[in-house]
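The block underneath contains the structure these notes are about, expressed in structure tokens.
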Amino acid sequence: MNPPVPSPSGNAAPLGGHARIVKPVAGGRVPPNLADYAATCRDFNWPAARALLDGLPGGRGLNIAHEAVDRHAAGPRADRAALRWIGRGRHRVFTWRELRDETNRVANMLQVLGLEHGARVFVLAGRIPELYLAVLGALKARCVVCPLFSAFGPEPIAMRLEIGEADLLITTEALYRRKVEALRHRLPRLRHVVLVGEAGATTELPGTLDWQRLMQAAGTAFTIPPTDPEDMALLHFTSGTTGRPKGAVHAHQAVVMHHVTGRYALDLHPDDIFWCTADPGWVTGTSYGIIAPLTNGVTNLVVEAEFDAETWYEVLERERVSVWYTAPTAIRMMMKLGRAALAGRDLSALRFMASVGEPLNPEAVLWGVEAFGMPFHDNWWQTETGGIMIANYAAMDVKPGSMGRPLPGITAAILRRDEAGGVDEVTRPMIEGELALKAGWPSMMRGYLREEARYRKCFAGEWYLTGDLAMRDEDGYFWFIGRADDVIKSSGHLIGPFEVESALMEHPAVAEAAVIGKPDPIAGEIVKAFVALKPGHEANEAMRRQLLGHARTRLGAAVAPKEIDFRANLPRTRSGKIMRRLLKARELGLPEGDISTLESDER
Ligand code: ATP
Ligand code: MG
């Protein structure tokens, strides 16, 4: 990663600026959980946050699954819907009581299979109920769980099972046949494979065990053993946007962060119907697609189908979703389809929408207001941080284009690296530097699996360095500039790709844009943009000139792209992030690097 360089031009004005602040939606159905940011931050401390949870009975520690499941199964919410699963043609609801019994079965089954404290359990499945039971049951048994994204090919799956030293794999019959069977000889450590049959039926493949039979034989009574809050609980691989994915390890006490951020950043209230569109194969789909809604006593909606904008609207309406957590790539897809697709939909239950994963362009935030009557609330975090770190809150002004303010209990800063390899905190507003977090929150990663040196490089003294560049404004809002690896240095200017992409997105013909630095003998680098157009617009020379002109007017000649190429789609990771490094490698004719997480790739 390159250290940030000073920007002689001071090209610091955040896009959208303060003129376009979006006020909180008046008259919301419930008062926001975090109404007074300053007071909450002042009074906040981690022991008090932990006291929001129960802990295992008898002071036997802290276990994620106890907080998510058993605690509510023993309380007034026992018979309410905890998990509402919408499958392809099948629906299923689990109350907290049912969820407790079924996850107890899983924990018993793992014990029967001889999987002990710390054993590694991998789950490779689409968003089927068994995945959720497996994750929570394995946490009860104090195994370490790693959900894998089911659309990975055989090689990325095998690589992760190898690095993660998997003891057990729970997967479906179809995925096993297609993606695992042929590579199983590479995994001598893998003791068992448990298969979920088609639509939950039994299976009899050689060398595997049948989920259905094991579950039937397992009892519904299980006492979670004492769990040290520091016990390793979850393993999640990063998205691989900037290079080879890293396996980030999280401990059971991460649940404190999941709970608090669900409450404050996503504003979850007990009667909410919450929908997180991320797959549990990515950290968002576990922290917020499984744990946070359940600990907060919220009905967690799980939708099996692959998504498109029409399906989203249909689900939001039919299931009366009240809080929706999605990603910029989804929002841009909806924008591409246009507002007309929303006409006649009754989305009156919806009261809060949030986005994560990539910078959310100001255009997209404001489109939320136009189309849904409320902004998308951007928030920022990473696989490594385990939970949301910076957010636009329900009760606070949203500054479109900003990631928001740090969660209570989180200290974020902008740092500059000095000549001697140390770091200095930037205290003046709107100066670029590396976004850093003061180490010590509960869901901070405890390491990268088998990559000690890479892990150590993330720290400077008390600071965890995020690898992202940002600025902080005078109100304490943080503004994303780009990943340190993606930032462009052109004629002495430091140019954040996000700023340029957002300006291009303001043009009515642009569906999405990605910007890279292309080496140039005079300027060092020039800004080159790749643009996908909305349907009905033609990629031709006139359009190119129009976009170049638009960007120059909007950004000035020094920052605007010099070149624009059109693409039908942009390459993105399976977690939905634009892979700028791949566009750059191709542009320069360099090797493509690790593309195990690459999804769409239509040039
Ligand atoms: P890798 O570390 O393997 O390159 P990755 O960083 O994309 O992959 P994740 O942990 O899934 O893996 O993503 C975290 C990163 O996503 C952040 O560091 C940041 O660059 C980006 N990101 C997430 N949320 C936001 C946001 N709200 N605004 C801007 N960027 C965001
Ligand atoms: Mg990263």
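We number each residue from 1, following the sequence as shown. Remember, predicted model here, so these are calculated numbers, not experimental data. Values below: every heavy atom of this structure, side chains too, minus hydrogens, waters and symmetry copies. As the structure lists them, so they are numbered: ligands from 1, and atoms in each ligand from 1.
Put simply, no part of Phe237 is less than 4.0 Å from ligand 1, judged by heavy atoms. Ligand 1 is approached by Asp378 to a heavy-atom distance shorter than 4.0 Å.
Under the 3.5 Å distance criterion, with hydrogens and angles disregarded, no donor-acceptor pair is assigned to the side chains of Trp275 and Asn300. The closest side-chain donor-acceptor pair between Ser443 and His250, if any, does not fall under 3.5 angstrom. A side-chain donor-acceptor contact under 3.5 Å links Ser287 and His258. A donor-acceptor contact closer than 3.5 angstrom is absent between the side chains of Asn392 and Arg405.
Remark: ligand 1 and Phe480 share no N or O pair separated by less than 3.5 Å (distance only, no angle test). Not one N or O of Thr466 is nearer than 3.5 Å to an N or O of ligand 1, by distance alone. Considering backbone and side-chain atoms together, Met403 places no N or O closer than 3.5 Å to any N or O of ligand 1.
Within the listing of ligand 1, atoms 7 (O), 9 (P), 11 (O), 13 (O), 14 (C), 15 (C), 16 (O) sit less than 4.0 angstrom from a heavy atom of Lys577. When each atom of ligand 1 is checked for a heavy atom of Asn379 under 4.0 Å away, the hits are 24 (N), 26 (C), 27 (N). Ligand 1 places these atoms under 4.0 Å from at least one heavy atom of Pro359: 28 (N), 29 (C), 30 (N). The ligand atoms of ligand 1 that sit less than 4.0 angstrom from a heavy atom of Gly357 are 16 (O), 21 (C), 22 (N), 23 (C), 24 (N), 25 (C), 31 (C). In summary, the atoms of ligand 1 found under 4.0 Å from a heavy atom of Val356, numbered by their order in the structure, are 24 (N). The ligand atoms of ligand 1 that sit less than 4.0 angstrom from a heavy atom of Thr241 are 1 (P), 3 (O), 4 (O), 5 (P), 7 (O), 8 (O).
Electrostatic pairing of Arg574 and Asp279 does not count as a salt bridge here, judged by no charged N lying under 4.0 Å from a carboxylate O.
Scanning all protein heavy atoms for the shortest distance to atom 2 (O) of ligand 1 gives Lys246 NZ, 2.9 Å. Nearest non-hydrogen protein atom to atom 10 (O) of ligand 1 is Thr383 OG1, 2.6 Å.
Checking side-chain atoms of Thr597 against main-chain N and O of Thr573 turns up no donor-acceptor pair under 3.5 Å. Of the possible donor and acceptor atoms, one in the side chain of Arg127 sits under 3.5 Å from a partner among the backbone N and O of Ala305. The backbone N or O of Thr466 sits less than 3.5 Å from a side-chain atom of Gln382, completing a donor-acceptor pair.
In the candidate list Asn392, Thr597, Asp468, Asp468 is nearest to atom 19 (C) of ligand 1, counting heavy atoms.
Separation of the Tyr37 and Tyr393 ring centroids falls under the 6.0 Å cut-off.
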